[in-house]
A.B. asks: 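Quick one: the structure is below, questions incoming.
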Number of protein chains: 2
Amino acid sequence: MNSQDVILGLLHRAPLSGYEIKQKLEMPLSFFFDASFGTIYPTLAKMEALGYIVKESVVQEGRPNKNVFSLTSEGRAQFEHYLHSPVENDSYRSDFLVRMFFGEYSDDETLADWIRDEIRKAETAAAQLDRMKADWAQGMPASKTLCLDIGIDLNASKAQTLREAFKRLTGSDA
Amino acid sequence: MNSQDVILGLLHRAPLSGYEIKQKLEMPLSFFFDASFGTIYPTLAKMEALGYIVKESVVQEGRPNKNVFSLTSEGRAQFEHYLHSPVENDSYRSDFLVRMFFGEYSDDETLADWIRDEIRKAETAAAQLDRMKADWAQGMPASKTLCLDIGIDLNASKAQTLREAFKRLTGSDA
DNA sequence: CAATGCATGTAAAATGTTACATGATTCT
DNA sequence: AGAATCATGTAACATTTTACATGCATTG
């Protein structure tokens, strides 16, 4: 799975510009996949060259013009191909946990600060996804709701574990 | 945080060869950070050129010789520098969740298969980390135990959420 | 008037993955 | 005999990040 596959998926429903793709890539997708403009625009150019998408310039008033891309049948076939490829393992990368792993080289105050920040981040993310679920979940296919549920539960579970660890480490609440 | 920072951290305790570093990078570190030989060896070469580590050839009998690297004071300073840099956000990347997000383009049987596989993976990871905790947790600094706890809880929570989703989608247990 | 949003792109650098290449020893 | 473990590395490729570059319109 790479940027191309995700963009193909987004264009399946409706044609989009690079800028709009970046917006769709925000929550909840950004919870488990991310891409910057520096990835999106070159990927779109590559996909157009491969014949997976076609560009159409849309003139707008009061705003800059935009280049809207739509899927071709080759693009749709390519997305099918992705869907039939083996599922890659999830990857989780955490600077925070690396620091905890090497915790013996930092002092307890620093560790406590890092944990506190991480609790806030997890709580914020869980709340954000929760709000999103309340707003949008009706009418969503169950598979999409699952993404939100995983996001909410993972963040809540992380915050909970961290709160317990904080108490063990410092003797007080975070 | 990158491969260099993690290698610096590993060499803090004792000198290691590239091969040994790869082994140390297994569970539980691999749960939140990964690196292949194709990353490790070039990184070690770069670090040696920068003066962060020094190489020593160790002759072994019954096995190939190895190049063991130890930290210099510059290397220790560089690790301190990493520890004082801002904590990067965790990143989680999931092919599985991307497929769920685009679930409307797959049939329910396929979705169920993917979920079942993902449950197994999460359960296996949780069990592995649990065993590891039982074996090694005594004597571990609390910060290191936290890494194990997060790994266990995150995987358990994921498996739980997926089991519920599976039931909702298929009407039966996974 | 400054900041933010809308909009598209490029270029350099860093980073990392995968496969290849080699070779001894030990275990089954 | 074949597989696994120990051991080091390179080369090609893929991917991504970061910063730069531009410019109009709207909002505060």
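In the text below, chain A, chain B and the rest are named by the order of the sequence lines, each starting its count at 1.
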A.B. asks: In whole angstrom, what separates K22(A)'s NZ from dT16(D)'s P?
C.D. replies: 13 Å
A.B. asks: Could you tell me how far apart L44(A) (CG) and dA7(C) (P) are, to the nearest whole angstrom?
C.D. replies: 14 Å
A.B. asks: Could you state the CD1-P distance from I7(B) to dT8(D), rounded to the nearest angstrom?
C.D. replies: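 After rounding, the reported distance stands at 13 Å.
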A.B. asks: Go through L148(B) and M132(B) one step at a time and tell me if the side-chain contact (heavy atoms from CB on, under 4.5 Å) criterion holds.
C.D. replies: CA-CA 8 Å; L148(B) 289 169; M132(B) 184 157 263; 3.9 Å; yes
A.B. asks: Does dA7(C) have its OP1 or OP2 closer than 4.0 Å to a side-chain nitrogen or oxygen of Q60(A)?
C.D. replies: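 The answer is yes; a side-chain N or O of Q60(A) sits under 4.0 Å from OP1 or OP2.
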A.B. asks: Is the centre of the F101(B) ring less than 6.0 Å from the centre of the F33(A) ring?
C.D. replies: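 No; F33(A) has its ring centre 6.0 Å or more from that of F101(B).
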A.B. asks: Using a cut-off of less than 4.0 Å, is there contact between a side-chain N or O of S3(B) and OP1 or OP2 of dG16(C)?
C.D. replies: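 For dG16(C), OP1/OP2 do have a side-chain N/O of S3(B) under 4.0 Å.
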A.B. asks: Is there a side-chain polar atom (N or O) of Q4(B) under 4.0 Å from OP1 or OP2 of dA14(C)?
C.D. replies: no
A.B. asks: Under 4.0 Å between a side-chain N or O of S17(B) and OP1 or OP2 of dT8(D)?
C.D. replies: yes
A.B. asks: In whole angstrom, what separates N2(B)'s CG from dA13(C)'s P?
C.D. replies: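 Interatomic distance, CG of N2(B) to P of dA13(C): 18 Å.
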A.B. asks: Using a heavy-atom cut-off of under 4.0 Å over every strand shown, decide if G38(A) touches base, sugar-phosphate, or nothing.
C.D. replies: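 G38(A): base contact, heavy atoms under 4.0 Å.
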A.B. asks: Do F96(A) and L162(A) touch side chain to side chain, with heavy atoms closer than 4.5 Å?
C.D. replies: yes
A.B. asks: Could you go through R120(B) and D117(B), starting from their C-alpha distance and side-chain angles, then the distance that decides it, and tell me whether this counts as salt bridge (Lys or Arg N to Asp or Glu O under 4.0 Å)?
C.D. replies: CA-CA 5 Å; R120(B) 298 277 171 272; D117(B) 286 349; over 6 Å; no
A.B. asks: Over how many whole Å does the gap from Y41(A) atom OH to dT17(D) atom C1' extend?
C.D. replies: 17 Å
A.B. asks: Can you measure I21(A) atom CD1 to dG9(C) atom C1' for me and round it to whole angstrom units?
C.D. replies: 14 Å
A.B. asks: How bent is the helix from dC1(C)-dG28(D) to dT28(C)-dA1(D), comparing axes over its five end pairs at each side, to the nearest 10°?
C.D. replies: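 Computed from the C1' atoms at both ends, the axes differ by 50°.
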A.B. asks: So, does R63(A) get its side chain near the phosphate of dA7(C), meaning an N or O under 4.0 Å from OP1 or OP2?
C.D. replies: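 True: R63(A) side-chain N/O within range (under 4.0 Å) of dA7(C) OP1/OP2.
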A.B. asks: Tell me the interatomic distance from F33(B), atom CZ, to dT15(C), atom P, rounded to whole angstroms.
C.D. replies: 11 Å
A.B. asks: Answer yes or no: does a side-chain N or O of R93(A) lie under 4.0 Å from OP1 or OP2 of dG16(C)?
C.D. replies: yes
A.B. asks: If the cut-off is 4.0 Å, is N67(A) near the phosphate of dG9(C), judged by side-chain N/O to OP1 or OP2?
C.D. replies: yes
A.B. asks: Taking the side chain as C-beta and beyond, is there a heavy-atom pair between L44(B) and I21(B) under 4.5 Å?
C.D. replies: yes
A.B. asks: Of all the choices, dC6(D), dT15(D), dA7(C), which nucleotide is nearest to the side chain of P64(A) once you look at every atom?
C.D. replies: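 Comparing dC6(D), dT15(D), dA7(C) against the side chain of P64(A), the answer is dA7(C).
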A.B. asks: Does K66(B) or F37(A) map to a spot on DNA chain D nearer the 5' end, using the closest nucleotide for each?
C.D. replies: K66(B)
A.B. asks: Report yes if at least one side-chain N or O of T39(A) is closer than 4.0 Å to OP1 or OP2 of dT16(D); otherwise report no.
C.D. replies: no
A.B. asks: Centroid-to-centroid, H12(A) to F102(B), below 6.0 Å?
C.D. replies: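 No.
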A.B. asks: Looking across every strand, which nucleic acid part, if any, lies under 4.0 Å from G18(A) by heavy atom: base, sugar-phosphate, or nothing?
C.D. replies: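 G18(A): backbone/sugar contact only, no base atoms under 4.0 Å.
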A.B. asks: With a sphere of 6.0 Å drawn around CD of E109(A), does it hold more than 12 non-hydrogen atoms of other residues, nucleotides or ligands?
C.D. replies: no
A.B. asks: Using the closest heavy atom to pick a nucleotide of DNA chain D for each, name whichever of K46(A) or Q23(B) lands nearer the 5' end.
C.D. replies: Q23(B)
A.B. asks: Using the salt bridge (charged side-chain N to carboxylate O under 4.0 Å, His left out) rule, pick out the option among K158(B), R168(B), R163(B) that qualifies with D149(A).
C.D. replies: R168(B)
A.B. asks: Calculate the interatomic distance between I40(A) atom CD1 and dT18(D) atom P; express it in whole Å.
C.D. replies: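 So the CD1-P distance, I40(A) to dT18(D), works out to 14 Å.
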